[in-house]
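What follows is a single structure, written as structure tokens, with notes after it.
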Amino acid sequence: MPELPEVETIRRCIEPELVGQTVTEIIIRNPNLRWPIPEDFSRTLPGQKIVAVDRRAKYLLIRTKAGTAIIHLGMSGRLLVCSPDRSVEKHDHIDLILNNGRLLRFNDARRFGCALWTAGPAMQHPLLKDLGREPLEDGMTGKYLFDQSRRRSLAVKEFLMNSRIVVGIGNIYANEALFAAGINPARSAAHISAKRYNKLAAAIKTVLKDALEQGGTTLRDFCDAAGNPGYFQLKLMVYDRADEPCYSCGAAIHYVRQAQRSTYFCGKCQR
DNA sequence: ACTGGCTCCTGAGGGC
DNA sequence: TGCCCTCAGGAGCCAG
């Protein structure tokens, strides 16, 4: 379940392997991802030299002079840099073969991910152009969250997970950031003070940076492009801890459903 | 302009 | 052992 720390971990892992390499061939075993892999993707990419590997929100951007491949891992997507000798496994949908003899392999059991192509400026792509702020950038402040949340009736947790406001925060880190900020996830976004939003903005940055340092969260099968797991699951304060004692006050962690998502929080520490 | 609900998909895990 | 059911979740899309 890649959120920002997991996607950024993968980006850092694949960047040195890809930049400067030329794509010599593409193998597509199953084009039916969230959207079909466009013909442009397989036609244009071979012969192109990769000039950068960037990230915007949870999208990975593999840039060439001719355009940009836009990759989203959805919920179960993985990228692996490996040798062409590696055996092909179930759900290995795409291989990008590189001129150094290595390849980038995209595997996605649930196929919620996507691989798209844009010849124009990537940030103008419909999926990217309306995205909110990057949580680790300076512009993502408590004031920004406060201003955006006025006259919003939805719960603060759903507000945080809205990628038009702030990107990269999925269910795990929304739960964790709200715990760190001492805010009840069900509280209406509009009814939280500027002061508390300052605390929340700081909590988001701390949680995401910490998770990034740990190489992400591996609950079931997340790993980076070299196959290494993350370790942030050892530091989760509330996520997946229903009925277990709060590490801070000892009260039992609550579990509720919000917008079809699991929410975990401490009723004493979070108000 | 917002908001909540639905949807895609497969694999894991629980109950019987 | 095996079958059936439920759940997990990113985020676009659509109806209200």
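Quick note on labels: first sequence line is chain A, next is B, and so on, each numbered from 1. Quick caveat, the model's predicted, so the values are computed rather than measured.
For NZ of A:Lys205, the number of neighbouring non-hydrogen atoms (other residues, nucleotides, ligands) closer than 6.0 Å is greater than 12. Counted within 6.0 Å of CZ on A:Arg164, heavy atoms from surrounding residues, nucleotides or ligands total 12 or fewer; the atom is thus considered open.
Among the protein residues, A:Leu127 comes within range of the sugar-phosphate backbone only, with heavy atoms under 4.0 Å from sugar or phosphate atoms but none that close to a base. As judged by a 4.0 angstrom heavy-atom cut-off over every strand, A:Phe159 is placed among residues making no nucleic acid contact. Backbone-only contact: A:Arg257 has heavy atoms under 4.0 Å from sugar-phosphate atoms and none from a base.
Salt-bridge annotation for A:Arg11 and A:Glu8: present, with a side-chain N of the basic residue lying under 4.0 Å from a carboxylate O of the acidic one. The pair A:Asp54-A:Arg63 meets the salt-bridge criterion, since a charged nitrogen lies less than 4.0 angstrom from a carboxylate oxygen. Between A:Glu176 and A:Lys235 there is no salt bridge, since none of the side-chain N atoms of the basic residue sits less than 4.0 Å from a carboxylate O of the acidic one.
Put simply, A:Tyr255 has no side-chain N or O that comes within less than 4.0 Å of OP1 or OP2 on C:dC7. Within the 4.0 Å cut-off from OP1 or OP2 of C:dG10, not a single side-chain nitrogen or oxygen of A:His72 is found. Within the 4.0 Å cut-off from OP1 or OP2 of C:dG10, not a single side-chain nitrogen or oxygen of A:Tyr173 is found. A:Lys90 has no side-chain polar atom (N or O) that falls below the 4.0 Å cut-off from OP1 or OP2 of B:dT10.
Atom-to-atom, CG of A:Asn171 to C1' of C:dG10 comes out at 10 Å; the value is rounded to the nearest Å. In this structure, CG of A:Asp240 is placed 15 Å from P of C:dC7, rounded to the nearest angstrom. Here C:dA8 presents its P atom at 12 Å from CE of A:Met161, a figure rounded to the nearest Å. For the pair A:Asp108 CG and B:dG11 P, the interatomic distance rounds to 11 Å; values are reported in whole Å. For the pair A:Leu33 CG and B:dT10 P, the computed distance is 12 Å after rounding to whole Å. At whole-Å resolution of the value, NZ in A:Lys157 and C1' in C:dG10 are 13 Å apart. The nearest whole Å value for the distance from the CZ atom in A:Arg78 to the P atom in B:dT10 is 16 Å. Nucleotide B:dT10 holds its C1' atom 11 Å from the CG atom of A:Asn107, rounded to whole Å.
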Note to self: For nucleotides 2-9 of chain B, give me one character per nucleotide, 5' to 3': B if any protein heavy atom sits under 4.0 Å from the base, S if the only such contacts are to the sugar-phosphate, - if neither.
What the structure shows: SSSBB-BB

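Looking at A:Arg257 and A:Ser262, their side chains do bring a donor and an acceptor atom within 3.5 Å of each other. Judged by distance alone, the side chains of A:Glu244 and A:Tyr264 never bring a donor and an acceptor atom under 3.5 Å apart.
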